[in-house]
Protein chains: 2
Amino acid sequence: MKNILIEKAWRGADRCKNCAIRHLVLFSDLDHQDFDRIHHPIDDIDYEPGSWIYHQGDEMPFVYTIRSGLIKLIQHLPNGDRRIVRLLRQGDLAGLESLNGQNADHDAVTLDHVSVCRIPRSVIKTLQRDTPNLHDALIKRWQKALSGADSWITKLSTGNAKQRVARLLLLLDQASTDDSFFLPTREDMGAMLGVTTESASKATAEFKRQNWLKALSHNRAWIDTDELQRQFD
Amino acid sequence: MKNILIEKAWRGADRCKNCAIRHLVLFSDLDHQDFDRIHHPIDDIDYEPGSWIYHQGDEMPFVYTIRSGLIKLIQHLPNGDRRIVRLLRQGDLAGLESLNGQNADHDAVTLDHVSVCRIPRSVIKTLQRDTPNLHDALIKRWQKALSGADSWITKLSTGNAKQRVARLLLLLDQASTDDSFFLPTREDMGAMLGVTTESASKATAEFKRQNWLKALSHNRAWIDTDELQRQFD
DNA sequence: TTTCAGCATTGAAAATTTTCAATTCACCCG
DNA sequence: CGGGTGAATTGAAAATTTTCAATGCTGAAA
């Protein structure tokens with residue numbers, strides 16, 4: 001049994017070396033020698049849309065590199081209110097707080113089909129001791145998460161409902177590689193913006209009427225970025 | 001001239017060794033040998049209330065450990081709107097983004113009398129190469145900043161104006177060591193909560209009428225935490 | 001093809017927030 | 001002690017958002 005696990009571990013680290021998106025993920029700067037230090041299984045996992053990766057309060061033995069797809073981080077208030085506080089996409093890390101031994105700060109829920117690479121905390125800890133490159137990579141993730149959180153406050157939690165929806169659409173569009181982008185449900189939009197589902201819907205519908213937003217296939221949309229920017233900046 | 005600077009540098013590092021709040025600041029885990037690596041001046045600086053420590057967009061050659069006092073981080077939107085996105089207090093780091101070579105993400109403005117310890121980025125970079133302890137300390141600061149940002153979103157940017165004001169007061173009270181706490185201006189409260197100055201004022205005044213909030217000396221207040229929690233949680 | 005379930009949209013009334021214009025308050029200064 | 005200044009508070013009207021209920025739309029299942 002032990003052998004099987006170790007075998008799996010090595011396969012895991014080997015996969016990392018040849019990972020197609022390695023330049024985007026956590027191990028981009030490691031060299032071959034570094035990989036040889038990894039003695040714990042790193043697994044690729046796929047999730048259906050709407051899957052819970054972990055729950056707020058869970059113990060966190062893993063950190064997750066997102067290979068593809070979109071994840072929402074939900075935080076609950078004692079009174080039952082909840083906000084989506086961040087979206088994670090390719091190259092981001094979910095469960096950063098595990099590295100400090102903390103329990104999960106959020107629910108992590110997939111918005112579409114998501115593929116992650118699940119890394120035991122112990123692997124990070126081990127590598128951290130000897131590979132400065134990993135430090136830098138981690139610091140960069142932390143920095144990115146933090147500036148994401150800041151702009152979530154200034155862009156998505158400030159101004160009236162239409163402004164917020166416009167800024168959310170612009171952010172989603174900007175983060176997308178092609179010219180369409182993921183359009184969340186109105187309920188999720190509301191939870192991101194701190195407004196009701198109906199308010200999110202009213203703003204969205206208004207933008208559609210103005211032809212500033214066009215729904216394409218399921219969950220995908222296009223926007224007139226210039227016009228939205230001009231109107232709501 | 002060079003000698004003067006180096007002399008100053010040694011004095012700086014020496015001060016750190018004997019710093020009264022060293023357990024709270026960035027260098028808590030360094031040993032004597034580590035301090036000997038510091039060859040750049042670390043200065044103690046005091047600021048009057050309302051001083052700008054740096055401006056959004058500034059190049060950032062320093063990171064600042066807060067020894068005492070309270071700092072607001074302000075972020076501006078292109079349209080001129082602005083939000084206070086975080087408060088920093090003893091032991092927190094301002095200008096984290098400097099460590100990635102980025103320009104300042106915020107204005108940092110003192111709310112009361114503030115004393116900081118200004119550390120050149122180069123010192124951190126140098127120490128980082130050789131002292132794993134500093135890594136951990138940095139990671140912890142980042143983690144704290146991030147979870148602060150998250151709860152800013154869920155607690156201070158969600159719900160109606162009264163709820164937000166109540167949660168802000170509870171946070172300020174909780175962070176305080178004695179039984180009074182720093183009560184910001186209504187304008188700053190508004191900028192923290194994403195509501196107008198008047199809305200912040202109306203909620204605050206209402207709490208005073210209910211005797212859930214009492215203004216003490218200038219800028220200091222007391223709250224009935226149980227009652228505020230029960231009412232607005 | 002029809003039906004159904006789950007979103008999305010809409011409308012109207014109620015509630016909240018903003019806006020704008022006074023006051024009022026607290027404190028500093030001469 | 002009186003005046004003056006900046007912040008805080010208040011009130012009323014306008015604007016926005018929520019609430020609640022109804023209706024529409026779309027894709028998947030039968």
Side-chain angles (χ1 to χ4, degrees), chain A residues 48-50 72 79-84 109 111-113 156-169 182-221 223 231-232, chain B residues 48-50 72 79-84 109 111-112 156-169 182-221 231-232:
Chain A
E48 296 295 304
K72 57 180 171 182
N79 73 355
D81 275 0
R82 58 201 194 72
R83 272 300 283 277
I84 296 173
V109 181
L111 286 175
D112 51 4
H113 181 274
L156 303 188
S157 307
T158 303
N160 64 33
K162 274 191 205 174
Q163 288 178 305
R164 296 187 195 189
V165 171
R167 293 200 199 106
L168 174 61
L169 296 175
F182 180 87
L183 185 68
T185 66
R186 304 303 169 270
E187 187 178 0
D188 276 349
M189 288 174 61
M192 295 179 207
L193 304 174
V195 300
T196 58
T197 304
E198 290 89 342
S199 293
S201 177
K202 281 166 189 172
T204 306
E206 167 69 11
F207 291 168
K208 283 183 186 171
R209 277 190 291 273
Q210 301 285 341
N211 285 322
W212 298 335
L213 168 68
K214 287 185 205 304
L216 307 175
S217 59
H218 183 54
N219 271 350
R220 301 242 110 210
I223 48 166
Q231 299 282 332
F232 303 99
Chain B
E48 295 295 305
K72 58 180 171 182
N79 73 356
D81 275 1
R82 59 201 194 72
R83 273 299 285 275
I84 296 173
V109 181
L111 287 175
D112 51 5
L156 304 188
S157 308
T158 304
N160 63 33
K162 273 192 208 174
Q163 287 177 307
R164 295 186 196 190
V165 170
R167 294 199 199 107
L168 173 61
L169 297 175
F182 179 88
L183 186 68
T185 65
R186 305 302 170 271
E187 187 178 1
D188 275 350
M189 288 174 60
M192 295 180 207
L193 304 174
V195 300
T196 59
T197 303
E198 291 88 341
S199 293
S201 177
K202 281 166 189 172
T204 306
E206 167 69 11
F207 291 168
K208 282 183 187 172
R209 277 190 290 272
Q210 300 286 340
N211 286 323
W212 297 335
L213 168 68
K214 288 187 205 303
L216 307 175
S217 60
H218 184 54
N219 272 350
R220 302 243 109 208
Q231 298 282 334
F232 303 100

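Every chain is numbered from 1 and lettered A, B, ... according to where its sequence line falls, protein lines coming before strand lines. Here the structure is a predicted model, which means the values were calculated and not measured.
Counting heavy atoms from C-beta on, the side chains of B/L156 and B/R164 never come closer than 4.5 Å. Looking only at side-chain heavy atoms (C-beta outward), B/V195 and B/N160 stay at 4.5 Å or farther from each other. Looking only at side-chain heavy atoms (C-beta outward), B/D112 and B/N219 stay at 4.5 Å or farther from each other.
In this structure, B/L213 atom CG and D/dA8 atom P are separated by 12 Å, rounded to whole Å. With rounding to whole Å, A/N219 atom CG is found 16 Å from C/dG6 atom P. Atom CD in B/E206 sits about 12 Å away from atom P in D/dG11, given to the nearest Å. We find that CD of B/Q163 is positioned 10 Å from P of C/dT16, with the value rounded to whole Å. Distance, B/F232 CZ to C/dT16 P: 11 Å, rounded to whole Å.
Axis angle between the ends of the helix from C/dT1-D/dA30 to C/dG30-D/dC1, five pairs each and rounded to 10 degrees, works out to 30°.
In this structure, the separation between CD on A/E187 and CD1 on A/I84 is 8.5 Å, given to the nearest 0.5 Å. A distance of 4.5 Å separates CD of A/E206 from CD of A/Q210, quoted to the nearest 0.5 Å.
Taking both residues in full, the closest heavy atoms of B/P49 and B/L111 are given as CB-O, 3.9 Å, listed atom of the first, atom of the second, then distance.
Both A/H218 and A/A161 lie close to DNA chain D; mapped to their nearest nucleotides by heavy-atom distance, the more 5′-ward contact belongs to A/A161.
For B/S199 and C/dT18, the shortest distance from a side-chain N or O to OP1 or OP2 is below 4.0 Å. Residue B/T196 places no side-chain N or O under 4.0 Å from the OP1 or OP2 atom of C/dT17. Phosphate proximity of C/dT16 to B/K162: absent, as no side-chain N or O sits under 4.0 Å from OP1 or OP2. The shortest distance between the side-chain N/O atoms of A/K202 and the OP1/OP2 oxygens of D/dT18 is not below 4.0 Å.
Note: A/F232 and A/W212 have perpendicular aromatic rings, judged against thresholds of 30 and 60 degrees for the angle between ring planes.
Within residues 182-191 of chain B, the residues approaching DNA chain D are B/T185, B/R186, by heavy-atom distance under 4.0 Å.
Among the nucleotides D/dA8, C/dT16, C/dT10, the one closest to any side-chain atom of A/A205 is C/dT10. With distances taken from any side-chain atom of A/N160 to the nucleotides D/dT17, C/dA8, D/dT9, the minimum falls on D/dT17. Among the nucleotides C/dT17, C/dT9, D/dT10, the one closest to the side chain of B/E198 is D/dT10.
Side-chain polar atoms of A/R83 and B/S157 form no donor-acceptor pair below 3.5 angstrom.
Residue contacts shown for A/R209 are limited to sugar-phosphate atoms, with no base heavy atom under 4.0 Å away.
Looking at residues two or more places apart in sequence or on another chain, you find a side chain to side chain donor-acceptor pair (under 3.5 Å) between A/R220 and A/S180.
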